[in-house]
S.K.: 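Have a look at this one.
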Amino acid sequence: MDFLLDPNIWIAFGMLTALEIVLGVDNIIFISILVGRLPPEQRDFARRLGLGFAMVSRLALLFSLSWVMGLTADLFTVAGQGISGRDLVLLLGGLFLLYKASHEIFVEVEAREQDGPPAASPEAAAAARRGMVWGIVGQIAVIDIVFSLDSVITAVGMVDQIGVMVAAVVTSVGVMLFAAKPIGDFVDAHPSVKVLALAFLVMVGMALTAEAFDAHVPKGYIYAAMAFSLAVEALNIRARKKRLLLAAN
């Protein structure tokens with residue numbers, strides 16, 4: 001138990017936990033947007049399942065570190081550019097995120113139907129809802145693997161104790177589980193924030209795609225741009241509330 005008294009262990013744990021939470025922001029946003037398409041009574045289940053899979057995938061990758069680090073070795077070369085297993089995962093994940101976020105932006109901005117779909121029988125409606133839940137969980141699982149791979153490789157570069165990595169991953173997922181519902185509720189309540197969040201996911205998808213070709217885009221730039229946009233939108237929301245209050249009075 002002496003290692004628990006080592007301040008370096010606690011410093012590494014704190015830094016890695018904070019990093020895992022920051023890297024998990026895009027994951028939370030993606031989960032919140034997808035879960036928002038479900039009926040309210042099914043959202044908590046899908047949210048917990050998605051974040052649970054995120055933790056399981058991170059832990060599974062941590063316990064197979066030799067395989068994960070082997071993914072950084074080049075498999076083949078295209079136009080003088082070495083392509084590794086990690087590059088392929090990031091490329092496919094980035095393209096999937098670009099497609100999904102762009103499609104959700106189109107649905108949010110352009111494809112709002114005026115008339116609802118024809119009424120279905122209760123049994124058919126229940127089956128459709130179950131299929132929708134598992135379809136969304138499947139999409140969350142796909143993107144979780146991509147985010148987990150990048151997160152684990154980053155963790156390996158910072159800390160060499162597997163116990164510290166596991167503790168940091170479990171703690172960060174616990175924090176994300178606590179924060180996911182209020183973030184999702186806020187995004188659902190403000191459509192303009194939802195579009196901003198989707199635009200953020202487009203930026204993340206572009207960054208992942210660029211990373212696959214060894215063009216590193218520091219995430220700090222992406223987060224700074226998103227923070228600035230959210231600050232401006234927060235001012236807009238406050239201004240709209242004041243205008244509504246004045247109009248009511």
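The shown structure was predicted, so the numbers you read here are calculated from the model rather than taken from an experiment.
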S.K.: Does V56 belong to the same Ile/Leu/Val/Met/Phe/Trp/Tyr cluster as V137, with side-chain heavy atoms less than 4.5 Å apart forming each link?
M.R.: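 In one cluster with V56: V137, no.
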
S.K.: State, with a plain yes or no, whether a side-chain heavy atom of S102 is found less than 4.5 Å away from one of V202.
M.R.: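 S102 vs V202: side chains touch.
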
S.K.: Of all heavy-atom pairs between A199 and I105, which one has the smallest distance, and what is that distance?
M.R.: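 Shortest heavy-atom separation between A199 and I105 comes out as N-CD1, 4.1 Å.
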
S.K.: Begin with the C-alpha distance, continue with both residues' side-chain angles, and end with the deciding distance and a verdict on side-chain contact (heavy atoms from CB on, under 4.5 Å) for L49 and W134.
M.R.: CA-CA 10 Å; L49 199 59; W134 290 109; 3.6 Å; yes

S.K.: According to side chain to side chain contact (heavy atoms under 4.5 Å, CB included), who are the partners of T209, at least two apart in sequence or on a separate chain?
M.R.: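 Listed in chain order: L91, L95, L98, F213.
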
S.K.: In terms of hydrophobic clusters joined by side-chain contacts under 4.5 Å, are L208 and L92 together?
M.R.: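 The answer is no; the residues belong to distinct hydrophobic clusters.
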
S.K.: Please check if I31 and L230 belong to a single hydrophobic cluster, counting links between Ile, Leu, Val, Met, Phe, Trp and Tyr side chain heavy atoms closer than 4.5 Å.
M.R.: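 The answer is yes; both residues are in one hydrophobic cluster.
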
S.K.: Answer yes if I183 and I237 sit in the same cluster of Ile, Leu, Val, Met, Phe, Trp and Tyr residues linked by side chain heavy atoms under 4.5 Å apart, and no otherwise.
M.R.: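 Yes, I183 and I237 fall within the same hydrophobic cluster.
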
S.K.: I need the minimum non-hydrogen distance between M226 and F200, along with the two atoms involved.
M.R.: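 Residues M226 and F200, closest heavy atoms: SD-CB, 3.3 Å.
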
S.K.: List the atom of G50, the atom of I140, and the distance in Å for their closest heavy-atom pair.
M.R.: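 Closest heavy-atom pair between G50 and I140: CA-CG2, 3.6 Å.
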
S.K.: Mind listing the closest non-hydrogen atom pair of I136 and V35 along with its distance?
M.R.: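 Between these two residues, the closest heavy atoms are CG2-N, 4.5 Å.
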
S.K.: By side chain to side chain contact (heavy atoms under 4.5 Å, CB included), which residues pair with V166, not counting sequence neighbours?
M.R.: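 Only L59, L62, F63, I162, V170 meet the side chain to side chain contact (heavy atoms under 4.5 Å, CB included) criterion with V166.
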
S.K.: Strictly below 4.0 Å, N to O, side chains only: are E233 and R238 in salt-bridge contact?
M.R.: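 Not counted as a salt bridge, because no side-chain N and carboxylate O are separated by less than 4.0 Å.
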
S.K.: Tell me, which pairs form a salt bridge (Lys or Arg N to Asp or Glu O under 4.0 Å) where one or both residues lie in residues 162-187, sequence neighbours left out?
M.R.: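 Salt bridge (Lys or Arg N to Asp or Glu O under 4.0 Å) check on residues 162-187 returns K181-D185.
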
S.K.: Of the non-hydrogen atoms in G36 and R43, which two are nearest, and what is the gap between them?
M.R.: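 Answer, listing the atom of G36 first, then R43: O-NH2, 3.3 Å.
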
S.K.: Quick one: does S172's side chain have a donor or acceptor within less than 3.5 Å of a partner on V169's backbone?
M.R.: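 Checked: pair present.
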
S.K.: Might you point out which heavy atoms bring A197 and I33 nearest each other, and give the distance in Å?
M.R.: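 Here A197 and I33 meet closest at CB-CD1, 3.9 Å.
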
S.K.: Got a sec, which residues hit side chain to side chain contact (heavy atoms under 4.5 Å, CB included) with A225, two or more places apart in sequence or on another chain?
M.R.: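 Per chain and number, A225 pairs via side chain to side chain contact (heavy atoms under 4.5 Å, CB included) with M203.
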
S.K.: Within this structure, what is the CG-CG distance for the pair L51 and L177, rounded to the nearest 0.5 Å?
M.R.: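 L51 CG to L177 CG: 5.5 Å, rounded to 0.5 Å.
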
S.K.: So, using ring pair (Phe, Tyr, Trp, His ring centres under 6.0 Å) as the criterion, who are the partners of F186 when residues are at least two apart?
M.R.: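 For F186, the residues satisfying ring pair (Phe, Tyr, Trp, His ring centres under 6.0 Å) (neighbours in sequence not counted) are H190.
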
S.K.: Mind checking the CG-NZ spacing from L201 to K100? Nearest 0.5 Å is all I need.
M.R.: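 Separation between the atoms: 11.5 Å.
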
S.K.: Quick one: side chain to side chain contact (heavy atoms under 4.5 Å, CB included) partners of V195, sequence neighbours excluded?
M.R.: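 Only E108, V109 meet the side chain to side chain contact (heavy atoms under 4.5 Å, CB included) criterion with V195.
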
S.K.: Mind checking the CZ-CG spacing from F30 to L198? Nearest 0.5 Å is all I need.
M.R.: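 With rounding to 0.5 Å, CZ (F30) is 10.0 Å from CG (L198).
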
S.K.: Atom NZ of K194 and atom CD of E104: how far apart are they, to the nearest 0.5 Å?
M.R.: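 Answer for the NZ-CD pair, K194 versus E104, is 6.5 Å.
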
